Amino acid sequence: MSIKPTLSRGLRDLLPEQMIARQRLIDTVRGVYENYGFSPLGTPAIEYLDVLSGSAGQEAQQSIFRVSNPEDEALGLRFDLTVPLSRVVSQYPNIPLPFRRYQVAQVWRADKPDPGRFRQFTQFDLDAVGAPCGRADVEILAAICDSLTAIEAGPFLVRFSSRKVLNLLLKRAGIAEHLAGDVFRVLDKIGKIGIGKVKLELSAGYTDASGDPIRGVGLAEEQVSIIEEFLAIKNKSRGDVLQRLASFLAGIDGSSEELAVMEDISGNLDALGYHSDQVNIDVSIARGLAYYTGPVFEAVLLDAPQFGSVFGGGRYDGLVARFGGPEIPATGASMGVDRLLAALEHIGKAGQVKTAAEVLVTVMDPGLSRECMLVAFDLRRAGIRTEVDVSGGRLGKQLKRADKLGIPYAILLGSSEAERGVLTVKQMAVAREHGAGIEENAAWKSARFGQQEVPRAEIVDVLRQLLGRGS
RNA sequence: GCCGACGUAGCUCAGUUGGUUAGAGCGCCUGAUUGUGGAUCAGGAGGUCGAUGGUUCGAAUCCAUCCGUCGGUACCA
């Protein structure tokens, strides 16, 4: 009886082509984070269930993967990196604050999988714990911009708002606090469903295209119009949005303090060169509701808006205190690595490389096998990523492999080269370009496009030059 | 989770009112060409027709249930 090779739903393998693009992305972003002076942290995939669910709502607990161990403890897989970070900060009181760390790791959520959304996925988090100062939020926003610029994701827009400003809106509209969660969740959807459906969902609800009833929040008509007025506050300029917010919230208790926080962030961003075309204020941004307490942010790729936000984050001043210690203010953001890669692939900006190798050393004469290996190891020792044939197949098959995997150079070493102390270096792409016009096989073969003979002693230097490396 | 549509080769699909051994294109493998990828030609592998149960002399085709995929919706700490 054989075993069927399949994976549970929402899980997937990452084949070399995907892993290569992923690792390059991660390396680039890590460079940005380290440039900001953040340090790496590692935590286990498995946590105690009460550590995880102590910070999650009732419904959220359902999406935690349960894990069993021989001691029969209540365990689960982490669903984000922020909760484990809060545990670490609480568990090690001597950790120097502010604790500025980055972490890239897999997380798990037992949700329904969607395109670009899986049950096991990777987050790349950047957080500052023990940082009450708005400069920390500015750093996070700037690091998001720098990361998206560094990975050449094309035009993007980072948007931010503040949970405290949203709370002021509730005050202004006279909406009960216990409805805050429902109201914010609906506001957050405006970009997706539009103002019309938002109004319906805030009041009586409606029936969607599939005939499924969407329950409404049940707000009064005047409350909905105040929210509509609030949502209309948008502009290409942060300064203008802040001015309009100030007049909208005029007279509400605490509004000037909260707007001052937003103005401080905005002013710092301007001074640092992150202007409204990169980072704007969007009052509809609410983000996840469980623990955000202040500024909240997200980022979208303008060429792939349908993939949703590729970064999300905000300030969570109360989270660490849930482990019983003092309140430690914190802020941070999380990059959705899988979603970002899916978006990049969609807009054709993901790498198409299928192998790490830059050179394939072919072997056509078993008597020259050792010499071929010596050539390969000379290249490797010079830092050139090299594969040497281990298939034992004919030369044609070896070249076909290089072609399919996208290895740019092949080295040929047969008796004819060996006699003269040279190697043939073949540039795979050249023949691919010239081949279109040739129909006869013999002519194609004898043309030997893109080939040059190189003295054995010079092979490392020649390839370095071809690959654009300084020697 | 809820509503709906759809499951035939690695991929895209055809398959008549239920009827003999389930097909095509692309891809893959082998050879022509044992030292040259593409093109061409010849050959080949690959399917319990998503699964299980039922109706029938007979099921890819009809029925039921389950699983999976896709779309919408909910959720997204």
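What you see is a predicted model; the values in this text were computed from it and never measured. Within every chain, numbering begins at 1; the chains are lettered A, B, ... in the order of the sequence lines, protein sequences first and strands thereafter. All heavy atoms count here, side chains included; hydrogens, waters and symmetry mates do not.
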Open item on the list: With the stacking rule set at 5.5 Å and 30°, tell me whether A/F79 counts as stacking on B/rA77.
Closed with: yes
Open item on the list: Under 3.5 Å for both donor-acceptor distances, Watson-Crick or wobble: does B/rU52 have a partner, and if so which one?
Closed with: B/rA64
Task: B/rG68 versus B/rG31 - spacing of their C1' atoms, nearest Å - done: 40 Å
TODO: Measure up the A/Y102 and A/Y33 rings against each other and bin them: parallel (under 30°), tilted (30 to 60°), perpendicular (over 60°).
DONE: tilted
Task: P spacing across the pair B/rU61 / B/rA51, given as an integer number of angstrom - done: 10 Å
TODO: May I ask you to say what A/T362 touches in the nucleic acid, namely base, sugar-phosphate or nothing, with a heavy-atom cut-off under 4.0 Å?
DONE: nothing
Open item on the list: Of the options B/rC76, B/rU34, B/rA77, whose atoms approach the side-chain atoms of A/D80 most closely?
Closed with: B/rA77
TODO: Determine the interatomic distance between P on B/rU12 and the same-named atom on B/rG4; round to the nearest Å.
DONE: 26 Å
Open item on the list: For the CG atom of A/D365 and the CG atom of A/L395, what is their distance to the nearest 0.5 Å?
Closed with: 11.5 Å
Task: Atom C1', compared across B/rA14 and B/rA9: separation rounded to whole Å - done: 13 Å
Task: Spacing of A/E201 atom CD relative to B/rG72 atom P, expressed in whole Å - done: 16 Å
Task: Watson-Crick or G-U wobble partner of B/rA24, both distances under 3.5 Å - done: B/rU12
- [ ] Return yes if the base of B/rU36 and the side-chain atoms of A/Q451 contain a donor-acceptor N/O pair under 3.5 Å, otherwise no.
- [x] yes
Open item on the list: Tell me the interatomic distance from A/I285, atom CD1, to B/rC76, atom P, rounded to whole angstroms.
Closed with: 15 Å
TODO: Could you give the distance separating B/rG18 and B/rC62 at their C1' atoms, to the nearest angstrom?
DONE: 8 Å
Task: A/K404 side chain, from C-beta outward: closest of B/rC28, B/rU36, B/rA32 - done: B/rC28
Open item on the list: Checking contacts here: which listed nucleotide (B/rG37, B/rA39, B/rA77) is nearest the side-chain heavy atoms of A/R109?
Closed with: B/rA77
TODO: State, yes or no, whether a side-chain contact exists between A/F297 and A/I140 at a heavy-atom distance under 4.5 Å.
DONE: yes
Task: Distance in angstrom units between A/K397 NZ and B/rC29 P, rounded - done: 9 Å
Task: Upstream residue (5' side of RNA chain B) when A/M428 and A/K445 are each assigned their closest nucleotide - done: A/K445
Open item on the list: Under 4.0 Å, counting only non-hydrogen atoms across every strand here, what does A/G396 touch: a base, just sugar-phosphate, or nothing?
Closed with: sugar-phosphate
TODO: Starting from P on B/rU36, measure out to CG on A/D365 and report it in whole angstrom.
DONE: 14 Å
Open item on the list: Which nucleotide, if any, forms a Watson-Crick or G-U wobble pair with B/rG43, using both distances under 3.5 Å?
Closed with: B/rC29
Task: Distance under 6.0 Å and angle within 45° of ring axis: A/R12 vs A/F118 - done: yes
Open item on the list: Looking at the base of B/rG35, is there any donor atom on it, or on the side chain of A/Q398, that sits under 3.5 Å from an acceptor on the other one?
Closed with: no
Open item on the list: Just to be sure I understand the rule, does A/R394 reach a base, reach only the sugar-phosphate, or reach nothing, if contact means heavy atoms closer than 4.0 Å?
Closed with: sugar-phosphate
- [ ] Provide the distance between the two P atoms, one in B/rG58 and one in B/rU20, to the nearest whole Å.
- [x] 15 Å
Task: Rounded distance (Å) that lies between atom P of B/rC76 and atom OH of A/Y291 - done: 12 Å
TODO: Answer yes or no on whether A/R163 is positioned over the face of A/Y292, meaning its NZ or CZ is under 6.0 Å from the six-membered ring centre and within 45° of the axis.
DONE: no
Open item on the list: Taking only side-chain N and O atoms of A/W444, does any of them lie within less than 4.0 angstrom of OP1 or OP2 on B/rU36?
Closed with: no
Task: Listed nucleotide nearest any side-chain atom of A/L399, set B/rA74, B/rU33, B/rU36 - done: B/rU36
- [ ] For the side chain of A/R287, starting at C-beta, report the closest nucleotide among B/rA32, B/rU36, B/rA77.
- [x] B/rA77
TODO: Take atom C1' in B/rC70 and the same atom in B/rU52, then report the distance between them in whole Å.
DONE: 23 Å
Open item on the list: Regarding A/K426, tell me which of base, sugar-phosphate or nothing describes its non-hydrogen contacts under 4.0 Å with the strands shown.
Closed with: base
Task: Partner nucleotide of B/rC57 by Watson-Crick or wobble geometry (both distances under 3.5 Å) - done: B/rG19
TODO: Take atom CD of A/Q123 and atom P of B/rC76, then tell me their distance rounded to the nearest Å.
DONE: 14 Å
TODO: Give the rounded distance in Å between these two atoms: CG of A/D389 and P of B/rU36.
DONE: 15 Å
Task: A/R380 to A/F377 six-membered ring, cation-pi geometry met (6.0 Å, 45°) - done: yes
Task: B/rA59 to B/rA22 separation - C1' atoms, rounded to the nearest Å - done: 13 Å
Task: Identified pairing partner of B/rC2, criterion: Watson-Crick or G-U wobble below 3.5 Å - done: B/rG72
TODO: Grab the NZ-C1' distance between A/K189 and B/rU73 for me, whole Å please.
DONE: 8 Å
TODO: Would you check if A/Q223 and A/L170 make a side-chain contact, meaning some heavy-atom pair closer than 4.5 Å?
DONE: no
Open item on the list: Which is more 5' along RNA chain B, the nucleotide nearest A/R119 or the one nearest A/S416? Just name the residue.
Closed with: A/R119
Task: A/Q18 side-chain N/O to A/L15 backbone N/O, donor-acceptor pair under 3.5 Å - done: yes
- [ ] Please tell me which of the listed nucleotides, B/rC75, B/rU36, B/rA32, lies nearest to the side chain of A/R185?
- [x] B/rC75
